[in-house]
Engineer: 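Sharing a structure below in structure tokens format, with a few things to ask.
Just so you know, these numbers use all the heavy atoms, side chains as well, and skip hydrogens, waters and symmetry mates.
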Amino acid sequence: MGGTVSGAGWWMILLAPIVTLLMGSVTCFVAWIAFRTAAAVNIRNKRIDVIMSCNVRYDELYKIKISIVKDISAFKKMPPTSKDISSTKARIELEIESYHRRYWGLKSDQIDYWLAGYVDPETLISWFMSTIDFVHDATPGWTFGDITKLGGWESVRDFHETTNHRMFEIGEEISRINYKNMNSKEKYGKLFNKFNVIEHDEPSLIRMLSRNTHRRLTMKLFYERLQSSTKEYATNDL
């Protein structure tokens, strides 16, 4: 014989789909939170990896530069009549040109890392503050005709004008002679302004390079963190 379903039983039957739906929603929500958390951790780890990688490349370049400076010093001590003077000069020039390509290639990559959201504005600007010093205040012994002038920017400028115009713009900006006489806050403000313009003009490139644009520290937000004495030279009018 068939039994009848009590009132409480009917409520259980009616509530079952709702409970299942709610449990499914909770499961999806928890999964979404876990995914977002994992994504945030991955991005943070990627940022750390990028900065560490750049530091390793800086260290390698420093060792190469010290080696070249030693070669330059030895070359300048060679007697003018030495039969090896021409070949030694040519070898050093090739070493310096290779160094310039690697150095400015790193600077170009750093701009791309920043646009992709793996480097924050503060780190980016600090890197290029040191580049200003590299361009205008040569390391003692780092003088070899015109090939080492302006940090070798002139030897690579045509390449970057073709392949990475944003790097070309930055290189042209900081190689201007007036940068040599600016105070540090003015240099910082000038770099902020230049990167602020680039970020404003490259929304599509930023979207392409970064899957998490909402996690980028924009120049606009970074501006609010600047010291008031630095804001005097920086602008956020865009």
Engineer: Hey, could you give me each pair passing salt bridge (Lys or Arg N to Asp or Glu O under 4.0 Å) that has a residue in residues 103-123? Not counting sequence neighbours.
Structural biologist: Arg57-Asp109
Engineer: Assess whether side-chain contact (heavy atoms from CB on, under 4.5 Å) is satisfied between Ile147 and Ile92, documenting all intermediate values.
Structural biologist: CA-CA 10 Å; Ile147 196 170; Ile92 293 175; over 6 Å; no
Engineer: Taking NZ, NE, NH1 and NH2 as the nitrogens, is one of them in Arg157 or Glu154 under 4.0 Å from a carboxylate oxygen of the other?
Structural biologist: no
Engineer: Would you compute the distance between atom OH of Tyr99 and atom OG1 of Thr148 and round it to the nearest 0.5 angstrom?
Structural biologist: 11.5 Å
Engineer: With side-chain contact (heavy atoms from CB on, under 4.5 Å) as the criterion, how do Thr123 and Trp127 come out once you've worked through the C-alpha distance, each side chain's angles and the decisive distance to 0.1 Å?
Structural biologist: CA-CA 6 Å; Thr123 300; Trp127 280 340; 3.7 Å; yes
Engineer: Please round to the nearest 0.5 Å and tell me the distance separating atom CG of Asp201 and atom CZ of Arg166.
Structural biologist: 5.0 Å
Engineer: For Tyr179, run the side-chain hydrogen bond (donor to acceptor under 3.5 Å, both in side chains) check against His136, Glu186, Glu173 and tell me which one passes.
Structural biologist: Glu173
Engineer: Would you say the ring centroid of Phe128 lies under 6.0 angstrom from that of Trp114?
Structural biologist: no
Engineer: Could you go through residues 221-232 and list every donor-acceptor pair under 3.5 Å that involves a side-chain atom there, pairing it with any protein atom two or more places apart or in another chain?
Structural biologist:
residue, atom, partner, partner atom, Å
Gln227, OE1, Lys185, NZ, 3.2
Ser229, OG, Lys185, NZ, 3.3

Engineer: His165 and Phe168: aromatic ring centres closer than 6.0 Å?
Structural biologist: yes
Engineer: With sequence neighbours excluded, what pairs up with Asn178 under the side-chain contact (heavy atoms from CB on, under 4.5 Å) test?
Structural biologist: Arg176, Met182
Engineer: Restricting to non-hydrogen atoms, name the atom on Val135 and the atom on Ile174 that form the minimum distance, rounded to 0.1 Å.
Structural biologist: CG1-O, 4.1 Å
Engineer: Near Lys190 NZ, under 6.0 Å, is it more than 12 heavy atoms from other residues, nucleotides or ligands?
Structural biologist: no
Engineer: In this structure, which one of His100, Met167, Glu161, Glu97 forms a side chain to side chain contact (heavy atoms under 4.5 Å, CB included) with Val156?
Structural biologist: His100
Engineer: Grouping I, L, V, M, F, W and Y whenever their side-chain heavy atoms are under 4.5 Å apart, do Tyr233 and Val197 come out in a common cluster?
Structural biologist: no
Engineer: Test your reading of the model: is there a side-chain donor-acceptor pair from Glu199 to the backbone of Met219, 3.5 Å cut-off?
Structural biologist: yes
Engineer: Atom CD1 in Ile66, atom CH2 in Trp142: separation rounded to 0.5 Å?
Structural biologist: 9.5 Å
Engineer: Which pair of non-hydrogen atoms, one from Leu191 and one from Met129, has the smallest distance, and what is that distance?
Structural biologist: CD1-N, 3.7 Å
Engineer: When you measure from the side chain of His160 to the backbone N and O of Trp153, does any donor-acceptor pair fall under 3.5 Å?
Structural biologist: no
Engineer: Does Ser175 use its side chain to pair, donor to acceptor, with the backbone of Glu172 at less than 3.5 Å?
Structural biologist: yes
Engineer: With sequence neighbours excluded, what pairs up with Asp137 under the side-chain contact (heavy atoms from CB on, under 4.5 Å) test?
Structural biologist: Asp133, Lys180
Engineer: Does OH belonging to Tyr58 count more than 12 external heavy atoms closer than 6.0 Å?
Structural biologist: yes
Engineer: Could you walk me through whether Asn196 and Asn236 pass side-chain contact (heavy atoms from CB on, under 4.5 Å), step by step?
Structural biologist: CA-CA 7 Å; Asn196 190 32; Asn236 197 29; 3.7 Å; yes
Engineer: Who clusters with Val56? Use side-chain heavy atoms, under 4.5 angstrom, across I, L, V, M, F, W and Y, and order the result by chain and number.
Structural biologist: none
Engineer: At what distance, to the nearest 0.5 angstrom, does CD1 of Ile206 lie from CZ of Arg216?
Structural biologist: 4.0 Å
Engineer: Using 0.5 Å steps for rounding, measure from the CG atom of Asp49 to the SG atom of Cys54.
Structural biologist: 11.0 Å
Engineer: Membership question, hydrophobic clusters at under 4.5 Å side-chain separation (ILVMFWY): are Val50 and Leu61 in the same one?
Structural biologist: yes
Engineer: Please report the closest heavy-atom contact between Trp104 and Leu150, naming both atoms and the distance.
Structural biologist: CZ2-O, 4.3 Å
Engineer: Taking only distance into account, with no hydrogens and no angle test, what donor-acceptor pairs under 3.5 Å do side-chain atoms of residues 78-88 form with protein atoms, sequence neighbours excluded?
Structural biologist:
residue, atom, partner, partner atom, Å
Ser82, OG, Asp84, N, 3.2
Ser87, OG, Asp84, O, 3.0
Thr88, OG1, Asp84, O, 2.7

Engineer: Does the distance from a Lys or Arg side-chain N to an Asp or Glu carboxylate O, for Lys89 and Glu93, drop under 4.0 Å?
Structural biologist: yes
Engineer: Indicate the atoms forming the closest heavy-atom contact of Val69 with Pro140, along with that distance.
Structural biologist: CG1-O, 3.9 Å
Engineer: To the closest 0.5 Å, what do you measure between CD1 (Ile170) and CG (Leu124)?
Structural biologist: 8.0 Å
